[in-house]
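Per chain, numbering begins at 1; letters A, B, ... match sequence-line order.
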Amino acid sequence: MTFSPPPLALPFFARDALVVARALIGARIVHRGKVARIVETEAYRGPKDLACHARAGLTKRTRALFGPPGRAYVFLVYGMYECFNVVCNEEGSGHAVLLRAAEPLGGFDERTEADGPGKLARAMKLGRALDGASLLEGDLHLLPREGRVRIGVSARVGVAYAGTWADKPWRFFDRDSDHVSRPPKSAIGRPRSKGHP
DNA sequence: CATATGATTCCA
DNA sequence: GGAATCATATGA
């Protein structure tokens, strides 16, 4: 019989989004019979972070973002893609971690890809219906990382409008994964090249 | 009420 | 390089 660790619990999520974003690289996400290994995340750190949706304060959209940690924050972007986040830190802080890419492990069609936030949410069926849903109980949860992982760091993607906040090194990824959404510009921590040695 | 835009992806 | 596509945020 296979040992299965318990899902990540409240104390894991009740920390700064920067800490949680790094800790989630290599963790697994489980939902409706699908399992995937998280290989890319980004931290969003509340109202002061001008790249974070929390900058607009508490609105209809950010209700879950300002809610308790350990729940989902899901939003629609560009009218057609959804982005799945895990709420972190303490209630009201507006911290969250965006899941940007994962390696499909089980329960997927053979050619399903999850190398991008929109594609990951679509592949795992993590739509807006889950906005505010708990990851601490029920059929949506995360499992701790097993083994070692080499973590790379870069600036966050797609937030150029945020001025200097766009340059913060708050994106994390598995340096050895072939399922990261895009190679970082920085030479440090670039994912293993597929073409050359 | 009107309008601009986005934590993206896919196509030319 | 540009389009697709629509809920939200913002300002009149």
Side-chain angles (χ1 to χ4, degrees), chain A residues 13 16-25 27 29 31 36 38-67 69 71-89 93-104 108-109 111-133 135 142 151-174 177-186 189 191:
Chain A
F13 301 106
D16 190 297
L18 263 185
V19 176
V20 178
R22 180 181 279 275
L24 281 179
I25 300 300
I29 180 169
H31 181 233
I38 297 166
V39 299
E40 183 181 343
T41 62
E42 280 175 359
Y44 288 85
R45 304 179 73 207
K48 71 177 184 188
D49 174 7
L50 296 188
C52 181
H53 289 169
R55 68 185 182 276
L58 179 58
T59 65
K60 174 165 185 168
R61 178 171 71 164
T62 60
R63 179 181 173 83
L65 176 58
F66 281 105
R71 296 193 191 180
Y73 165 51
V74 188
F75 63 91
L76 179 73
V77 70
Y78 292 106
M80 56 189 113
Y81 299 106
E82 288 165 311
C83 291
F84 181 89
N85 302 253
V86 178
V87 178
C88 301
N89 209 10
S93 69
H95 278 221
V97 171
L98 170 68
L99 302 191
R100 283 192 57 89
E103 174 186 358
F108 297 92
D109 179 275
R111 26 172 159 255
T112 300
E113 293 184 346
D115 55 340
K119 293 159 80 174
L120 169 58
R122 183 179 57 193
M124 293 289 299
K125 301 196 187 311
L126 303 171
R128 278 167 293 168
L130 291 176
D131 189 41
L135 308 189
L142 300 176
I151 296 178
V153 182
S154 82
R156 294 175 292 184
V157 175
V159 294
Y161 59 84
T164 61
W165 294 92
D167 301 323
K168 303 287 185 184
W170 293 353
R171 169 176 178 253
F172 302 91
F173 55 91
D174 180 346
S177 175
D178 292 326
H179 300 268
V180 171
S181 68
R182 64 182 68 184
K185 289 181 178 179
S186 161

Distance in angstrom units between A/Leu76 CG and B/dA7 P, rounded
11 Å
Between CG on residue A/Leu76 and CG on residue A/Asp131, distance to nearest 0.5 Å:
11.5 Å
Spell out, as yes or no, whether a donor-acceptor pair under 3.5 Å connects the side chain of A/Thr62 to the backbone of A/Gly57.
yes
Should A/Arg55 be listed as having a side-chain N or O under 4.0 Å from OP1 or OP2 of C/dA9?
no
Can you tell me the base-pairing partner of B/dA2? Count Watson-Crick or G-U wobble geometry only, both distances below 3.5 Å, and say none if there is no partner.
C/dT10
Roughly how many Å is it from CZ in A/Arg122 to C1' in B/dT8, rounded to a whole number?
10 Å
Can you check whether A/Phe75 stacks with the B/dA7 base, using ring centres under 5.5 Å and planes within 30°?
no
Between C/dT5 atom C1' and A/Tyr81 atom OH, what is the distance in whole Å?
10 Å
To the nearest Å, give me how far apart CG (A/Leu50) and C1' (B/dT5) are.
17 Å
For C/dT5, which nucleotide in any strand shown is its Watson-Crick or wobble partner with both distances under 3.5 Å?
none
Would you classify A/Arg61 as touching base, sugar-phosphate or nothing, given that sugar-phosphate means primed atoms plus P, OP1 and OP2, and contacts are heavy atoms under 4.0 Å?
sugar-phosphate
Whole-Å gap separating C1' (C/dA7) and OH (A/Tyr73)
11 Å
Which of A/Arg122, A/Arg128, A/Lys125 passes side-chain hydrogen bond (donor to acceptor under 3.5 Å, both in side chains) with A/Glu82? Answer is A/Arg128
At under 4.0 Å, does any side-chain N or O of A/Tyr78 touch on OP1 or OP2 of B/dC10?
no
What distance do A/Arg100 atom CZ and A/Asn85 atom CG have between them, rounded to the nearest 0.5 Å?
11.0 Å
As an exercise, state the distance from CD of A/Glu113 to NZ of A/Lys119, rounded to the nearest 0.5 Å.
4.5 Å
B/dC10 phosphate, OP1 or OP2: any side-chain N/O from A/Lys119 under 4.0 angstrom?
yes
Please give, in whole Å, the distance from B/dG6 P to A/Glu42 CD?
15 Å
Tell me: OH of A/Tyr161 to P of B/dG6, nearest whole Å?
7 Å
Quick one: A/Glu82 CD to C/dT5 C1', roughly how many Å, whole number?
13 Å
On DNA chain C, check which nucleotide each of A/Arg128 and A/Met80 is closest to and give me the residue with the more 5' one.
A/Met80
What interatomic distance, in whole Å, is found between C1' of B/dT5 and the corresponding atom of C/dG2?
16 Å
On a whole-Å scale, what distance lies between the C1' atoms belonging to B/dA7 and C/dG1?
22 Å
